[in-house]
Each structure stands twice: as structure tokens, then as C-alpha cells.
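In what follows, a single structure is set out as C-alpha cells and then discussed.
On a predicted model such as this, the values are computed, not experimentally measured, just so you know. Convention: sequence-line order gives letters A, B, ...; per-chain numbering from 1.
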Amino acid sequence: MLPCRVNFLSACDPAPSAGALLSTISRGPFMATTLTGPVRVRFPPSPTGFLHVGGARTAITNDLLRHSLGGSLILRIEDTDRQRSDPAMTAQIQSALAWLGIEPDEGPFLQSARVDEHRAAAQKLLDEGKAYHCFRTAEEIDEKRQDAHKRGVTSFYRAAFPPPPADEVERRVAAGESYAVRFRMPMGDMTFSDLVRGEVTFVEDVLDDFIILRSDGSPTYHLSVVCDDIYGGVTHVIRGEDHISNVPKHIGLFQALGAEVPTFGHLPMIMGPGRKRLSKRTGAASVEEFRDQGILPQALYNYLALLGWSPGDDREVMSRQEMIDAFTVERLVPSAAAFDYDKLRWMNAQYLSGEPLAEVLDHLAPFLAEVGLADADRDRLGAAVDLHRTRAYNLKELAAYAVPYFIDTLEYDPDLCKKFFKQPDLPAQVDQLIEGFRTVETFDIEGVEAVIRNLATDLDVKAGVLIHPTRMALSASKAGPSLFDLVAAMGREASVRHLGNFVRYLRDNPPPQEEAATT
RNA sequence: GCCCUCAUCGUCUAGCCAGGUUAGGACACCAGCCUUUCAAGCUGGCGACACGGGUUCGAAUCCCGUUGAGGGUACCA
């Protein structure tokens, strides 16, 4: 066995032909790697559902790599599984990527558009003896597998079924028998350098011949991917860890097809809370869900980028450009991370209060529409949003905060108003306040503050006696921004109106009966 | 079963490759400050090297094993 083992690195990569594209990779977890661009990377989702956060993270990593080294990102839709593919999902995925700010340089290309080329590649392999006809039925193979499994061993096709001799092939094909095409996996161990895991070896004993063309003539995933990666000139394949065991198959195919083998990097899976599989049950799992929840794309991008990568210093909230500048593959983390909704929420709050107001307003639009504020005055809206952005964790909350500024009448919660009912003088005091607001010359922060403070002095009460009911009147809430800011942003008309409604509410609702006699 | 991979606070991570740190930061949580309220902000607290063996004067760091977790094991992708 020993003599026939082949080390892929030494045996199959004779001359660094691609110059700048060639990378020296040797990463035990900590060995240095030098990657140089330009690179050609790809993101190949299957159009079978919404863009999952795992996929988004893969896309982001590819995006960061291509921007940090220069090069291009190819979007390829892997729609070879016609059963499960849905064209609507292609558009969906594209829009999710666009929303995240990831713009492919090329594509989308449909994998299905090139099946003829894929078939031709299979034929070429067949002609060169690198693949062979497989007349075995699935049942037959499965039986062998089951049997082996029972005995506690693994069944390998190439050990169990020798390829049929040429004359037999000719005869059976002529007879119209259906067959699949199976790739003849080269003998020897397969070792490759993974950008995030370092050297990974699959020993010869676990390698097997695999189908590249189904008996209906359709190419399988492995063939299609490799053909398209060759066609696209892909230099770096960065994808999820679930593909790592496909690498030997793919390397075998790249070599058999006479192509240069790209550099691989396998990102760990993203786990849900409690290390469970991330799914709708554990919380949102797709990009559109987060979008609909009011997460800013910058925040999601930033959060996802940091899930499995760090810049090496203590920076966390980083602009796209900062991430690009700091990005290196050697800082990719090999261990799987659990998605932390709390941290994303915090990150989103950071962006909500830190991004330019206009940017926030743009993203807020759909949420404003949801609460009936589709055509609210942008200036007043801006003032309101600016006051509440440090208090909101998502755009939904932020939109809700804007409602009192535009709605005619507010609903007051008797529970929250309890203490105001106990102030018999309050309605009259608020009446005076209304008068003050009506007549104050300039209705701005200083103006309203003066009105409130002067009135408090006149009434010989603390400012808080007026401030708290006013907050309740204008926002139907006990908490919120500085009251003077709130009133000023609300404007004279709305402030006076809400105050008027509030006095009426106070007068119309008798104070709640005494505490239950049980005390 | 077999194969591949991973393993530092509850979570994300820095430190590991080139052994010597009070093992650093962030989220969450708790407390204080600020304050007209609520946030934000600031300050402090809580809290980890999975386990067992080696190697070494010295191990989170190097080696071996165990355990745990994830992925793969298709004429799915």
C-alpha cells in the first residue's frame, strides 16, 4: 500500500504556473499564510429556499476576501436539482445579497445552462478511461452497502464492483441498457491545505469511485461544480464545512479534467443557541427574516463577519471598509460558533444610533408604512427618529416610537396613569401648560423648557410634576427622550392637541377606586 | 459503525504557530455614576483554558489519549 500513496501537494502541483494567483498555504492552525490576489471566488447557492445565515456568512467571507485582495465574485445558482429548485428563490437570494450590500461582479449564472458542457466533460473522462460505465442498479449497490453495514464495515464501490470490460460495455450500451457514469477515483491518499484548517488528509481507504452522470444522463453536483469552477476560473473555493469531505472528489475531478486545483477554505457551521441546529424554531435563520424584524443590513453583515472571524484587535463595530482592510484568511476561526441573537440586537442598536440619520430613515421606510406613516413629513420624522434611535433595538421599535408624533389621538393606559389620577390639581395645571405652549413665541427646546419651568415656579411645584404627565400626554409612555426635546420635536400643534386630549382623558376617567380593602 | 473537523467565561472571541500574562476584549447579567423618566454613555463586578496523561524549571500554548460537539458517509446539493 505504501508505495502507491500519493501526496497531492507534492505529486500534483509541479510548477507554480499561475504566478500571482499561487498562494503558499501551510496553516496548522497558526502557521502563516500568504495569499495574494487577484482572486476569483464564487458564491453558489441552491435556489431551494431563502438565504440562510450560514450561506450569508459564506457570501460575506467571499466578499471580504475578494475586496481585500482584489478580484471578482461570481454568483452561480446551483439549480441542477430541478425538483427542489424554484426560480423565484433565485430572485429572492439575489435581493437578499443586494440588501446585504454584496454585489457579485459576474452572474447570476444558472448551473443548468451548462449541462451540455458537464455531459461533455463526463464523456471526455469516459474516453480517457478516467471514468467508466456503471450498470449496477441502485438496489444492487444498496444491498451490498446494507450488508457491509451489518458487518460493521463500510462498503466501497470500487472494491465491490470492478469496472466492466470494454466489450461488455459496448454490448450492453448497444443493447440499450441504462447506465450511470462513475468517476475513477485516483488511488492514494489525498492531502490538501485548507485555508482555515490547515492540512487535511483523507486516506485512500475511504476514497471511492462516485457517480458523475446519472442514468438519466444528468450530471451530479460534483461534476457540475468542478466544471463550472474551472469554467469560471475560480481560484479560491470558500464554502461551508459541510463540503469538506467532498474535497477529494473535487480534487480528483479537477486533476482529471486537466485543470489547476483551486485553494479551498471551509468555514465552520453556524450553530443555533444551545448548539442546536439553527432553524426557524430557534429564532430567525434567514436573511429576510432579520430584514423583516428590522435589522439593518450593515449590522447583520458586521455581526456575521465577526461570527468566525476577528480583526485581531478589539474592534467589533466596524465599517465595511475597515473589515476589508483587516481581513485575512488566517484570522478565520476554525471552530463552529453559536448564533447569539442578543449580540446581533446590540450590534443593530449600535448601527441604529451610529449611522447617518438619512441612512436610518431610508431603511425605516417600510416599517413606517406598516404603522401607517408612509408619507409622514420627513423633517419632523427625522427629528423624532433622531430622538429615539438610541432607545430602539430594531427598525420596528423605532417606527413605533414615531407614531405619537403623527397620530391624532393616543390611547392612554390607565395603569400607567395611576399616579396622575391621584393629583386632583393636574387637569387645571395642564390647562395652564397648554396655554403656555400656545402662546410661547418660539416653540423650540429652550422655549418649551422655559414654559414648563416658569409654570412650575408659578405653581410652586417641582418641574417633574409637569414633566411626567406631559411625557405621558405626548407619548402615552412613562419613558423616553428628554421631555423638552420630545415636545420640541412634536411641535406646537401636536403637543397642544395631545395635551388637550390628555386633560379630557383625566377628567373623563374618575380616579380608580381605593386600594382593595384586603390591605 | 467508519471518515473528517472542532474544543478558552453562558455566548462571540484575543492569546497558541515562535511555552513564562493578575488569561485580554465584546454581548448578556449585576452594581454605581450621569439624569425630569427610559435608554445611551462612563466606571466597576461576575465569569473560562473540557478531562486525563506526558514533555518541560515552567503548558491555555507542544505531544498522546479520553470525552463531548458538528459535518460527511447518496444516481441530494
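- Note on A/Gln146: every side-chain N or O is 4.0 Å or more away from OP1 and OP2 of B/rU73.
- Counting any heavy atom pair closer than 4.0 Å across all strands shown, A/Arg277 reaches sugar-phosphate atoms only and no base atom.
- Shown for residues 134-145 of chain A: residues whose heavy atoms fall under 4.0 angstrom of RNA chain B, namely A/Arg136, A/Arg145.
- In this structure, A/Ile211 reaches the bases: a heavy-atom distance under 4.0 Å links it to at least one base atom across the strands shown.
- Base pairing annotation: B/rA14 forms no Watson-Crick or G-U wobble pair, as no partner gives both donor-acceptor distances under 3.5 Å.
- Here, B/rG41 and B/rG71 have their P atoms 36 Å apart, quoted to the whole Å.
- Residues A/His118 and A/Asp228 meet the side-chain proximity criterion, which asks for heavy atoms closer than 4.5 Å.
- No side-chain heavy atom of A/Pro45 sits under 4.5 Å from any side-chain heavy atom of A/Phe50.
- Applying the 5.5 angstrom centroid cut-off and the 30 degree plane-angle cut-off, the aromatic ring of A/His243 is stacked upon the base of B/rA77.
- Base pairing of B/rU36 is not made with any nucleotide, judged by Watson-Crick or G-U wobble geometry with both donor-acceptor distances under 3.5 Å.
- In this entry the distance linking CG of A/Leu307 with P of B/rA26 reads 18 Å, nearest Å.
- For the C1' atoms, the distance from B/rG24 to B/rU61 is 16 Å, rounded to whole Å.
- A 4.5 Å side-chain heavy-atom check between A/Arg391 and A/Glu397 finds every atom pair outside the cut-off.
- At a threshold of 4.0 angstrom between heavy atoms, the contacts of A/Gly240 with the nucleic acid are absent.
- In the set B/rA77, B/rU36, B/rC38, B/rC38 carries the atom at the smallest distance from any side-chain atom of A/Arg391.
- Looking at heavy-atom distances under 4.0 Å, A/Met271 makes contact with sugar-phosphate atoms alone, never a base.
- The residue A/Glu78 sits close only to the backbone: its heavy atoms come under 4.0 Å of sugar-phosphate atoms, none of a base.
- Here B/rG71 is the nucleotide among B/rU13, B/rA69, B/rG71 with the atom lying nearest to any side-chain atom of A/Asp242.
- Contact between the side-chain N/O atoms of A/Arg214 and the OP1/OP2 oxygens of B/rA77 is found at a separation under 4.0 Å.
- For B/rG1, the paired nucleotide is B/rU73, the pair qualifying as Watson-Crick or G-U wobble because both relevant distances are below 3.5 Å.
- Cation-pi check for A/Arg76 over A/Phe109 is not met; the charged atom does not lie both under 6.0 angstrom from the ring centroid and within 45 degrees of its normal.
- Within 6.0 Å of atom CD in A/Gln146, more than 12 heavy atoms from other residues, nucleotides or ligands are found, so the atom counts as buried in its surroundings.
- Between A/Arg331 and B/rG15 there is a side-chain polar atom (N or O) within less than 4.0 angstrom of OP1 or OP2.
- Checking the phosphate oxygens (OP1, OP2) of B/rG71, no side-chain nitrogen or oxygen of A/Ser245 falls inside 4.0 Å.
- Residue-level contact check: A/Phe484 touches the bases, meaning some heavy atom is under 4.0 Å from a base atom.
- Only the C1' atoms considered, B/rU73 is 34 Å distant from B/rG10, to the nearest whole Å.
- If you check residues 464-480 of chain A against RNA chain B, the residues with a heavy atom closer than 4.0 Å are A/Ile467, A/His468, A/Arg471, A/Lys478, A/Ala479, A/Gly480, listed by number.
- Contact annotation for A/Thr48: no contact, since no heavy-atom pair falls under 4.0 Å across all strands.
- Within a 6.0 Å radius of NZ in A/Lys124, other residues, nucleotides and ligands contribute more than 12 heavy atoms.
- Side-chain atoms of A/Arg471 and A/Ser475 include no donor-acceptor pair closer than 3.5 Å.
- Looking at heavy atoms from C-beta onward, A/Leu125 lies in side-chain contact with A/Phe183 at the 4.5 angstrom threshold.
- For A/His222 and B/rG72, the NE2 to C1' distance is 10 Å, given to the nearest whole Å.
- Comparing A/Val206 and A/Gly312, the nucleotide of RNA chain B nearest to each residue sits closer to the 5' end for A/Val206.
- One atom, CG of A/Asp189, and another, P of B/rC3, lie 13 Å apart when rounded to the nearest Å.
- Base pairing annotation: B/rC29 forms a Watson-Crick or G-U wobble pair with B/rG45, both donor-acceptor distances under 3.5 Å.
- If you check every strand for non-hydrogen atoms under 4.0 Å, A/Tyr393 touches sugar and phosphate atoms only.
- A/His266 has its side chain out of reach of A/Leu195: every pair of non-hydrogen atoms, C-beta onward, lies at least 4.5 Å apart.
- Side-chain N/O atoms of A/Lys343 and base N/O atoms of B/rA28 include no donor-acceptor pair closer than 3.5 Å.
- Summarising the geometry, the separation between CZ on A/Arg197 and P on B/rU5 is reported as 9 Å, rounded to the nearest angstrom.
- Regarding A/Leu300, its CG atom lies at a distance of 15 Å from the C1' atom of B/rC12, rounded to whole Å.
- A/Asp340 comes within 4.0 angstrom of a base, heavy atoms only.
- In this structure, CD1 of A/Ile212 is placed 17 Å from P of B/rA74, rounded to the nearest angstrom.
- The partner of B/rA59, taking Watson-Crick or G-U wobble pairs whose two distances both stay under 3.5 Å, does not exist in any strand shown.
- Comparing the same atom, P, in B/rA50 and in B/rC6 gives a spacing of 15 Å after rounding to whole Å.
- Within a 6.0 Å sphere centred on CZ of A/Arg315, heavy atoms belonging to other residues, nucleotides or ligands number more than 12.
- Nearer the 5' end of RNA chain B, as judged by each residue's closest nucleotide, is the contact made by A/Met269, out of A/Met269 and A/Ser46.
- Looking at heavy-atom distances under 4.0 Å, A/Ala463 makes no contact with the nucleic acid at all.
- Contact annotation for A/Pro481: base contact, defined as any heavy-atom pair under 4.0 Å involving a base atom.
- Comparing B/rC12, B/rG70, B/rA77 against the side chain of A/Glu316 picks out B/rC12 as the nearest.
- Counting heavy atoms from C-beta outward, A/Asp86 and A/Pro47 have side chains that stay 4.5 Å or more apart.
- Across B/rU22 and B/rA18, the matching P atoms stand 23 Å from one another, rounded to whole Å.
- Summarising the geometry, the separation between CH2 on A/Trp309 and P on B/rA14 is reported as 11 Å, rounded to the nearest angstrom.
- A donor and an acceptor atom, one from each side chain of A/Gln298 and A/Glu359, are located under 3.5 Å apart.
- Summarising the base pairing, B/rC51 is matched to B/rG65 through a Watson-Crick or G-U wobble pair whose two defining distances lie under 3.5 Å.
- Rounded to a whole Å, the CD atom of A/Glu177 is 16 Å from the C1' atom of B/rC75.
- Nucleic acid contact class of A/His266 (heavy atoms, under 4.0 Å, all strands): none.
- A/Glu177 places none of its side-chain heavy atoms less than 4.5 Å from the side chain of A/Val173.
- Judged by a 6.0 Å distance limit and a 45° cone about the ring axis, A/Arg114 is positioned over the six-membered ring of A/Tyr231.
- Residue-to-nucleotide contacts include a donor-acceptor pair under 3.5 Å from the side chain of A/Ser215 to the base of B/rC75.
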